[in-house]
Engineer: 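Before I ask anything, let me first share the structure, which is written out below as structure tokens.
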There are 2 protein chains.
Amino acid sequence: MPTTIKTDYFTKDQELTAKFAKALGHPVRIAILELLNSQACCFHGDMAEELPIAKSTLSQHLNELKNVGLIQGDITPPSTKYCINRENFALAKRLIGNTLK
Amino acid sequence: MPTTIKTDYFTKDQELTAKFAKALGHPVRIAILELLNSQACCFHGDMAEELPIAKSTLSQHLNELKNVGLIQGDITPPSTKYCINRENFALAKRLIGNTLK
DNA sequence: TAAACTGTTCGCAAATATACGAATAGTTTG
DNA sequence: CAAACTATTCGTATATTTGCGAACAGTTTA
């Protein structure tokens, strides 16, 4: 068997593609994005009413989407407004679409 | 607070979109798909040489991709040939792309 | 300042995902 | 038939994800 160097195998793009895809890998998060997409922006509370999960769980999902940059949160207590990050939306679409080409 | 029915909240499309995305949510599986995409088909052994994981782990990843229908395996011992399932590739691209529109 | 309102964070439990090597299962070769 | 070859399955360990309710943190209102 030939020796194969396997250090740092993955490219940044591959890592990023997987990261975006992973963030999309849950129905709740798909639903969140569709909600945000259908309206300009959305408050946490509005989504909590629609989605079949506890508020704390919703916060976690929103946080995951925020961490990969697919959405952004405008925190002005007592309420928080969430919007889609169009730039990263497009990037994610391009990366994933490229993998599925 | 108005009563909201939350049973069976997610649509089939939302579930399927999440499923596809989840399958894409790991760099190894992204790399696998890119390998398969760059060549017509690929043997397990060819990929095992390229990827920084054990063969058994590779089998698991291939199995996940197969389970969601993104690839298909042609098992003719002692070797197994894997190909991309173009139909579901396109479906996944359409569903995820639609979410990110 | 107390109470109300909206979200987040914490602490925990259960379920999934990831990874490896050993053992196993089909073929083909000697 | 034994050995070699390729790949999967098994058993196991660890890490991550998902989910909830309780507790907490900023504002605004009474």
Side-chain angles (χ1 to χ4, degrees), chain A residues 1-2 4 6-10 14-15 18-33 35-36 41-68 70-83, chain B residues 1-2 4 6-10 14-15 18-33 35-36 41-68 70-83:
Chain A
M1 190 176 78
T4 313
K6 297 180 175 179
T7 313
D8 277 344
Y9 179 83
F10 304 110
Q14 286 173 327
E15 298 274 9
K19 225 175 218 174
F20 278 134
K22 192 174 184 180
L24 296 172
H26 193 291
V28 162
R29 294 194 289 269
I30 295 293
I32 288 172
L33 293 180
L35 271 174
L36 289 181
C41 280
C42 231
F43 291 98
H44 180 117
D46 303 335
M47 295 188 262
E49 256 178 45
E50 289 288 332
L51 298 167
I53 52 172
K55 289 180 183 181
S56 57
T57 307
L58 174 58
S59 274
Q60 288 185 58
H61 283 297
L62 289 168
N63 206 43
E64 286 183 62
L65 291 171
K66 204 169 57 177
N67 283 339
V68 298
L70 284 173
I71 67 174
Q72 52 201 106
D74 194 358
I75 304 169
T76 50
S79 69
T80 309
K81 189 173 66 177
Y82 284 97
C83 306
Chain B
M1 188 178 82
T4 313
K6 297 182 174 179
T7 314
D8 278 343
Y9 179 82
F10 304 111
Q14 286 173 327
E15 298 273 9
K19 227 175 216 174
F20 279 133
K22 193 174 184 180
L24 296 173
H26 193 292
V28 162
R29 294 195 288 271
I30 295 293
I32 288 171
L33 293 180
L35 272 174
L36 289 180
C41 280
C42 231
F43 290 99
H44 179 117
D46 303 335
M47 295 189 263
E49 255 177 46
E50 291 287 333
L51 298 167
I53 52 171
K55 291 180 182 183
S56 57
T57 307
L58 174 57
S59 274
Q60 287 185 57
H61 284 297
L62 288 169
N63 204 43
E64 286 184 60
L65 291 171
K66 204 169 57 178
N67 283 339
V68 298
L70 285 173
I71 67 174
Q72 52 200 107
D74 193 358
I75 305 168
T76 50
S79 69
T80 309
K81 190 174 66 177
Y82 284 96
C83 307

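In what follows, chains are A, B, ... by sequence order, proteins preceding strands, each numbered from 1.
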Engineer: Do the side chains of A/Tyr9 and B/Pro27 get nearer than 4.5 Å, heavy atoms only?
Structural biologist: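 No - every pair of side-chain heavy atoms lies 4.5 Å or more apart.
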Engineer: Can you tell me how far P of C/dT27 sits from CZ of B/Phe43, to the nearest Å?
Structural biologist: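 It works out to 16 Å between those atoms.
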Engineer: Whole angstroms only, please: what is the CG-C1' distance between B/Leu62 and C/dA19?
Structural biologist: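 Value for this atom pair: 15 Å.
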Engineer: So which heavy atom on B/His44 is nearest to which on B/Ser59, and how close?
Structural biologist: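 Smallest interatomic distance, heavy atoms only, reads CE1-OG, 3.1 Å.
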Engineer: Can you confirm whether the thiol sulfurs of B/Cys42 and B/Cys83 sit closer than 2.5 Å?
Structural biologist: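 No, B/Cys42 does not link to B/Cys83 through a disulfide.
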Engineer: What heavy-atom pair brings B/Ala48 and B/Leu58 nearest, and what distance separates the two atoms?
Structural biologist: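 In terms of heavy atoms, the two residues are closest at N-CD2, 3.5 Å.
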Engineer: Output one letter per nucleotide in nucleotides 16-21 of chain D: B when a protein non-hydrogen atom lies under 4.0 Å from the base, S when only the sugar-phosphate is that close, - when neither is.
Structural biologist: SSBBBB
Engineer: Can you check the B/Leu65 CG to C/dA17 P distance for me, whole Å?
Structural biologist: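 Rounded to whole Å, this separation is 13 Å.
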Engineer: Just how far is it from atom CG of B/Leu65 to atom CG of B/Leu36, taken to the nearest 0.5 Å?
Structural biologist: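 The distance works out to 8.0 Å.
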Engineer: Quick one: are B/Leu24 and A/Leu24 in side-chain contact, heavy atoms under 4.5 Å?
Structural biologist: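 Counting from C-beta outward, B/Leu24 and A/Leu24 never come under 4.5 Å.
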Engineer: Could you tell me how far apart B/Leu58 (CG) and D/dT6 (C1') are, to the nearest whole angstrom?
Structural biologist: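 To the nearest whole Å, that distance equals 12 Å.
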Engineer: With a 4.5 Å limit on heavy-atom distance, are the side chains of B/His61 and B/Leu51 in contact?
Structural biologist: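 Side chain of B/His61 against side chain of B/Leu51, heavy atoms only: no contact under 4.5 Å found.
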Engineer: Check the distance between C/dT18's C1' and A/Phe10's CZ and give it to me in whole angstrom.
Structural biologist: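 Value for this atom pair: 12 Å.
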Engineer: Rounded to the Å, how far apart are A/Asp74 CG and D/dT27 P?
Structural biologist: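 A/Asp74 atom CG is separated from D/dT27 atom P by 13 Å.
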Engineer: Using whole Å, report how far CG of B/Asn67 lies from P of C/dA17.
Structural biologist: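 Nearest whole value for this atom pair: 11 Å.
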Engineer: For the pair made of CD in A/Glu49 and P in C/dG7, what is the distance, rounded to whole Å?
Structural biologist: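 Spelled out: CD on A/Glu49 to P on C/dG7 is 10 Å.
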Engineer: Is any side-chain heavy atom of B/Met47 less than 4.5 Å from a side-chain heavy atom of B/Leu62?
Structural biologist: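 With C-beta onward as the side chain, the pair touches.
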Engineer: Please give me every residue in residues 75-83 of chain B whose heavy atoms get under 4.0 Å of an atom in DNA chain C, ordered by residue number.
Structural biologist: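 The answer is B/Pro77, B/Pro78.
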Engineer: Grab the two heavy atoms, one from B/Gly73 and one from B/Lys66, that are nearest each other, plus how far apart they are.
Structural biologist: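 For B/Gly73 and B/Lys66, the tightest heavy-atom pair comes out as N-CD, 3.8 Å.
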